[in-house]
Trainee: 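I have a structure I would like to understand better, so I am pasting it below and will then ask my questions one at a time.
Below, chains carry the letters A, B, ... as their sequence lines are ordered, and counting in each starts from 1.
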Amino acid sequence: MSLYEAHKVEEKWQKKWAKDGLYNTNFEDEDRKKYYNLVMFPYPSGDKLHIGHWYNFAPADSWGRYMRLKGHNVFEPIGFDSFGLPAENYAIKHGIPPAKSTAKNIQYMRKQLQAMGTMYDWNQELSTSSPEYYKWTQWMFLQLYKKGLAYKKKSPVNWCPQCQTVLANEQVQEGKCERCDAEVTKKDLTQWFFKIRNYAEELLNFDGLDWPRKTVLMQKNWIGKSVGSEVVFNITNGENSTQSDKTITVFTTRIDTLFGATYMVIAPEHPLALEITTENHLENVKDYIEKAKKETDIIRSSETREKTGVQTGSFAINPVNGKVIPIWIADYVLATYGTGAVMAVPAHDERDYAFAKKYKLEVIEVIKPKNGESDIEKKAFTEYGVLVNSENFDEMESEEAKEKITEFIKEKGKGDFKVQYKLRDWLISRQRYWGAPIPIVYCEKCGEVPLPEKDLPLELPEGVDFNPKGKSPLATAPDFVNTKCPNCDGPAIREVDTMDTFVCSSWYFLRYPCANNKDKAFDTARVNKWLPVDMYIGGPEHACMHLLYARFFTKVMRDLGFINFNEPFKKLVHQGLITKDSAKMSKSKGNTVAPDEFVEKYGSDVFRMYLMFMGPFTEGGDWNDSGIKGIARFVDKFYDLIYSQQEGKNDDALKRNLHRTIKKVTDDLDKLQFNTVVSTMMEFTNAALKTRIDPDSKRIALQLIAPIAPHLAEELWEYLGETESIFNSEWPGYERELLVDKNIELVIQVNGKVRAKKEVDANIEKDDAIKIAKSLNNIQAHIEGKEIVKEIYVPGKLVNIVVK
RNA sequence: GCCGCGAUGGCGGAAUUGGUAGACGCGCAGGACUUAAAAUCCUGUAUGGGUCACACCAUGUGAGGGUUCGAUUCCCUCUCGCGGCACCA
């Protein structure tokens, strides 16, 4: 039976910490350096806290506690990302209003989070679905609207037939709805967008950010900058007929291949597609466009799929040499990127090459490799090289030709340099109930009118029928379809769409330090003092959406003069994924693991430490409960060490061990290597149980374990007679000279192979070390009769004798 | 296809700038305690050979090669796994 009663102790301290307000942040504290320690706030689903939450929050909390012990004024808030589809789906299924089920879930999760023993500042709790919060989300919308960063556009959008809602491209995973997994189709709708593209260039700059390289790379990829040129082609509807006034512009990164353009391809969705098609091709083209509409982007973009296309009967005139080339329509060209049209250079582009071979189109070589040969009869040559068949530009290198040719056509008014981004504007409208309503009204007289700020929040009406019927549920709310214009008081209707939940989560970190402010979204002075967030911990799945949107919002707020910093998150860390039998845990697979039963059995400290001990924090791992016993045993041993272990003499070995442990734990915590923090504490405990331990060393051991086992440490701290919380104590330092032992085990190698070990004085000189080495039997056996070529001595470590 | 990351005992994993591979934990085996079990404690535990037992020897960090006195660590080639992006013009 263990002496340590985890449950009693954990409950005792959770109550006391709350009563004392230990973790309530003093935002005005000028003595300590501020530290904003943030985790990605949870979505309050009915599943309660799962292992993934624990794996994120518990180590993040340990990090916060460590920073506090290091003397920082740590602000560690928590809240709930409580708008969203699951609550709405739940409501549709069970008839319980989202507000109700959400409130219930939050209440339960709050309890679990408290039982975890985290140092959250509950005074600053927020949830995005409360009117006190979404009032300010709506305010944010109005700021972007006034700045011209919010606009409406009719566009083909992804439509999920099951959720009866629109999905952003970013939310479609493998052709399926990210949340419900239904096959996604297309539909034309008028939607609200945020102009995130205005910030594309600045969002590529990560200077001064301590982010995982991987995440930076992913965002850069997502934004997808390419530098190239635009070229304008005039259109003619017959090979020999006169030229029309129509033009098609293409974007290319390889204008050096312009002389090799032998045809043009436009996307089926290109606005001119039908217009330029001649009579005899019309039927064909219409057929093709219809087919393309039915294909999902995924099928269209499948690499293994054979390329298809149809001729329009029209021709384009290459501005550089007047060459007349046929215009085709093919679905391998996407309307959403660039201009929706490309010049095809089959000799130097693989896709164009495959297409040209299939439809027997001309291939003209215009780039030769600088060294060696290429064979365009066999495949396209896609690298840079030297121009041929390019008139005045012959013999020029690709790099130079890109500039010279662009300048040439620019003079003729047929093109220019151009930078293109893959990033699309952010589609924020949702035809859903459970989100923040968009504060816009449509007046018969005044048109589109933003709601005055004083009228916020525009509250979600109750009793709305939110069963999906292809329209926004709010279209059935009387207040929304029948309202007054704030301008002229005339009849008007409200916007019935709500906002993407990513809007809510794009600014919550600004709200936390002022979560109770009723007059402002955030307090400029406090936010400027407390942000950027010093540490942000959350899943890597948010690399391209949430983390990009949050950066965008921060930059917009800066440009509007509300804040004075450029980036929201100074340091970012992603926790790894916890799997079960190497598969992602999910309710549908039935392979979820409930943390509660383990917390019940062993206590939260043990569970927290076990999660940390499993492996490196950023790598995650496969859940297996067989090892948790080891942590429970360790906690008992550690408790015994502090509680029962007799005071021993403060001997030298213990002291050196202690200081080495301080250094190792400090270094590893700095790198968030919690797994080796646990094992280091185990080693120390095992050793100290043998040597006995003095009270001062006990206190230090408690401080070292406090970040990863807060209740245990606090309890024993009190037992040792301390009256202040251990989390108000100061992190121990170590003495450098105590890190090494007086004696070392010298390793002796012959030709790099270990042949003997010998305990010697740590400061032994090279000559003495080699002399001792050679005197050993086993070494003599290995060097006997051989010529010594070299003798290597690594101070304090090893001797290597090289023989021939 | 491209980009990134990874591969170490039966298992999770550890290993400063290249310097004792396998820390710590789980599991397993043997022993102590117990009427017995659980719990706890002690000992052992990479593989093969060798020894009564040590000593000792060989092999060994996905595969093959290279650099080096010395490689889990650096370089090249390949295989497999994971994550991201993907007809991006």
Trainee: Rounded to whole angstrom, note down the P distance from B:G9 over to B:G64.
Mentor: 15 Å

Trainee: Taking only the side-chain heavy atoms of A:Arg213 (C-beta and beyond), determine which of B:G25, B:C85, B:G4 contains the nearest atom.
Mentor: B:G4

Trainee: Take atom P in B:G13 and the same atom in B:G19, then report the distance between them in whole Å.
Mentor: 22 Å

Trainee: What residues from residues 764-784 of chain A pass a heavy-atom cutoff of under 4.0 Å to RNA chain B?
Mentor: A:Asn778, A:His782

Trainee: May I ask you to check whether A:Phe502 and A:Trp426 place their ring centers less than 6.0 Å from one another?
Mentor: no

Trainee: Could you check whether A:Tyr55 and A:Phe617 have their ring centres less than 6.0 Å apart?
Mentor: yes

Trainee: When all nucleic acid strands are considered with a 4.0 Å heavy-atom cut-off, which category describes A:Lys637: base, sugar-phosphate, or nothing?
Mentor: sugar-phosphate

Trainee: Excluding sequence neighbours, so at least two apart, what forms side chain to side chain donor-acceptor pair (under 3.5 Å) with A:His574?
Mentor: A:Thr215

Trainee: Nearest whole Å is fine: how far is B:C82 P from A:Lys214 NZ?
Mentor: 14 Å

Trainee: Mind checking A:Asn675 for me? I need base, sugar-phosphate or nothing, with any heavy atom below 4.0 Å counting as a touch.
Mentor: sugar-phosphate

Trainee: Taking the nucleotide of RNA chain B with the nearest heavy atom to each, does A:Asn751 or A:Ser679 sit closer to the 5' end?
Mentor: A:Ser679

Trainee: In dot-bracket form, how is RNA chain B paired, counting a Watson-Crick or G-U wobble pair only if both its distances are under 3.5 Å and using | for bases paired to another strand?
Mentor: (((((((..(((......[....)))((((((.......))))))((((......))))..(((((..]....))))))))))))....

Trainee: Heavy atom of residues 607-621 of chain A under 4.0 Å from RNA chain B: which residues?
Mentor: A:Phe613, A:Met614, A:Pro616

Trainee: For A:Lys753 and for A:Asp668, locate the closest nucleotide of RNA chain B by heavy-atom distance; then report the residue assigned to the nucleotide nearer the 5' terminus.
Mentor: A:Asp668

Trainee: Restricting to ring pair (Phe, Tyr, Trp, His ring centres under 6.0 Å), what partner residues turn up for A:Trp623, sequence neighbours left out?
Mentor: A:Phe598, A:Phe607, A:Tyr610

Trainee: Please confirm whether any donor atom in the side chain of A:Lys307 sits under 3.5 Å from an acceptor in the base of B:C87, or the reverse.
Mentor: yes

Trainee: Among the candidates B:A14, B:C24, B:C69, find the nucleotide nearest to the side-chain atoms of A:Glu683.
Mentor: B:C24

Trainee: Find the distance A:Leu739:CG to B:U16:C1' and express it as a whole number of Å.
Mentor: 13 Å

Trainee: Heavy atoms only, 4.0 Å cut-off, all strands: where does A:Asn686 land among base, sugar-phosphate and nothing?
Mentor: sugar-phosphate

Trainee: Distance to the ring centre below 6.0 angstrom and angle to the axis at most 45 degrees; does that hold for A:Arg551 and A:Trp211?
Mentor: yes

Trainee: Dump every N/O contact between nucleotides 17-21 of chain B and the protein below 3.5 Å, one line per pair.
Mentor:
residue	atom	partner	partner atom	Å
B:G19	N2	A:Gln749	OE1	3.2
B:G19	N2	A:Asn800	ND2	3.4
B:U20	O2	A:Lys757	NZ	2.7

